Amino acid sequence: MTTGLSWRLAEPADVPHINALTARSIRALHAGSYDPTVIDEAIRHAYGVDWQLVRDGTYFVAEIAGTVAGAGGWSYRHTIAGAHGPDDPAGKRLDPALDAARVRAFYVDPIHVRRGVGALLLRLSEDGARAAGFMTAELTSTIPAVPFYAAFGYSPVREFNMRLPSGSTLRLELMDKRLVP
Ligand SMILES: CC(C)(COP(=O)(O)OP(=O)(O)OC[C@H]1O[C@@H](n2cnc3c(N)ncnc32)[C@H](O)[C@@H]1OP(=O)(O)O)[C@@H](O)C(=O)NCCC(=O)NCCS
């Protein structure tokens, strides 16, 4: 594991920093996978923190030597994608016996990729979902992140198109994984 890598729960004061890190991450890591105009619009309207996860205590921050290196989490609510602000209504709760937990909003600072930050955040998220009784997890992956989730056992289910305000679409991949044997 990377020296000095640690984690904590995200707090409201982290949100502006995580949103800035998100924009850096998407610009650096999505070039070549999406059209630049889609990247710009998605940064404004689709990517970023979902405040509900911060409030629910299911969103984590990873730090390297005390600096935020990435963020990601999980949810026991229906919302499966998108940034959501502090005034947005809370999504309906999922039933762990019937539904899949959501893995949500993973962003790693481009200067810290491939150092195990995403892996740490994913382990924390899956542990949290399992402890809450969920047997499966579901997520919508960006196209460049599919190999990351696949490396941890997620399988592609189908393509998922998120509609952006201009009418263009952001192509994502719905993926799932069984969390318990
Ligand atoms: C996807 C993302 C979160 C991965 O974070 P990361 O900290 O670099 O991932 P890790 O270092 O923990 O990678 C663990 C393993 O996943 C796999 N992996 C990660 N990124 C990969 C990539 N770009 N291509 C292929 N495999 C990858 C590898 O097996 C890697 O192990 P290795 O480095 O020993 O080969 C990061 O690339 C990112 O922030 N992307 C932009 C934002 C985004 O699209 N997020 C997903 C939203 S759904």
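Sequential numbering from 1 along the given sequence is applied to the chain's residues. Counting starts at 1 for both ligands and their atoms, in listed order. Quick caveat: nothing in here was measured; it's all calculated off a predicted structure.
The protein non-hydrogen atom at the shortest distance from atom 41 (C) of ligand 1 is S25 OG, 3.3 Å. For atom 7 (O) of ligand 1, the closest non-hydrogen atom of the protein is G118 N, 2.8 Å. The protein heavy atom nearest to atom 12 (O) of ligand 1 is A119 N, 2.8 Å. With hydrogens left out, the protein atom closest to atom 26 (N) of ligand 1 is P147 CB, 3.7 Å, a heavy atom. Summary of contacts: the protein heavy atom closest to atom 39 (O) of ligand 1 is V108 N, 2.8 Å. For atom 8 (O) of ligand 1, the closest non-hydrogen atom on the protein side is R114 N, 2.8 Å. Distance from atom 46 (C) of ligand 1 to its nearest protein heavy atom, with residue and atom name: F106 O, 3.4 Å. Scanning the protein heavy atoms around atom 48 (S) of ligand 1, the nearest turns out to be T140 O, 3.4 Å.
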If you look only at distance, which donor and acceptor atoms sit under 3.5 Å apart when one is on a side chain in residues 164-171 and the other is two or more places apart or in another chain?
unit_1 : atom_1 : unit_2 : atom_2 : d
S166   : OG     : E41    : OE1    : 2.7
S166   : OG     : E41    : OE2    : 3.2
S166   : OG     : S168   : N      : 3.3
S166   : OG     : S168   : OG     : 3.0
S168   : OG     : E41    : OE1    : 3.1

Name each donor-acceptor pair under 3.5 Å that joins a side chain in residues 78-93 to protein atoms two or more places apart or in another chain, with its distance.
unit_1 : atom_1 : unit_2 : atom_2 : d
H84    : NE2    : A81    : O      : 3.1
D88    : OD2    : G85    : N      : 2.8

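Heavy-atom neighbours of R178 CZ from other residues, nucleotides or ligands within 6.0 Å: above the threshold of 12.
Within the 4.0 Å heavy-atom shell around ligand 1 one finds H30.
Among Y149, F152, F148, the residue whose heavy atom sits closest to atom 18 (N) of ligand 1 is F148. The residue among L29, T22, L21, I143 with a heavy atom at the shortest distance from atom 36 (C) of ligand 1 is L29.
Remark: D127 engages R123 in a salt bridge, criterion side-chain N to carboxylate O under 4.0 Å.
Residue H112 has no N or O atom closer than 3.5 Å to an N or O atom of ligand 1. Considering backbone and side-chain N/O of S141, none are found under 3.5 Å from N/O of ligand 1. For ligand 1, the polar-atom distance check finds no N/O of P144 at less than 3.5 Å from any of the ligand's N/O atoms. Every N/O-N/O distance between A151 and ligand 1 stays at or above 3.5 Å.
Within the listing of ligand 1, atoms 43 (C), 44 (O), 46 (C), 47 (C), 48 (S) sit less than 4.0 angstrom from a heavy atom of T142.
Note on ring orientation: taking the six-membered ring where Trp is involved, the planes of F148 and F106 are tilted (angle from 30° to 60°).
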- Query: After noting the C-alpha distance and the side-chain angles of Y154 and L122, does the key distance pass the side-chain contact (heavy atoms from CB on, under 4.5 Å) rule?
  - Reply: CA-CA 11 Å; Y154 287 80; L122 193 54; 4.0 Å; yes
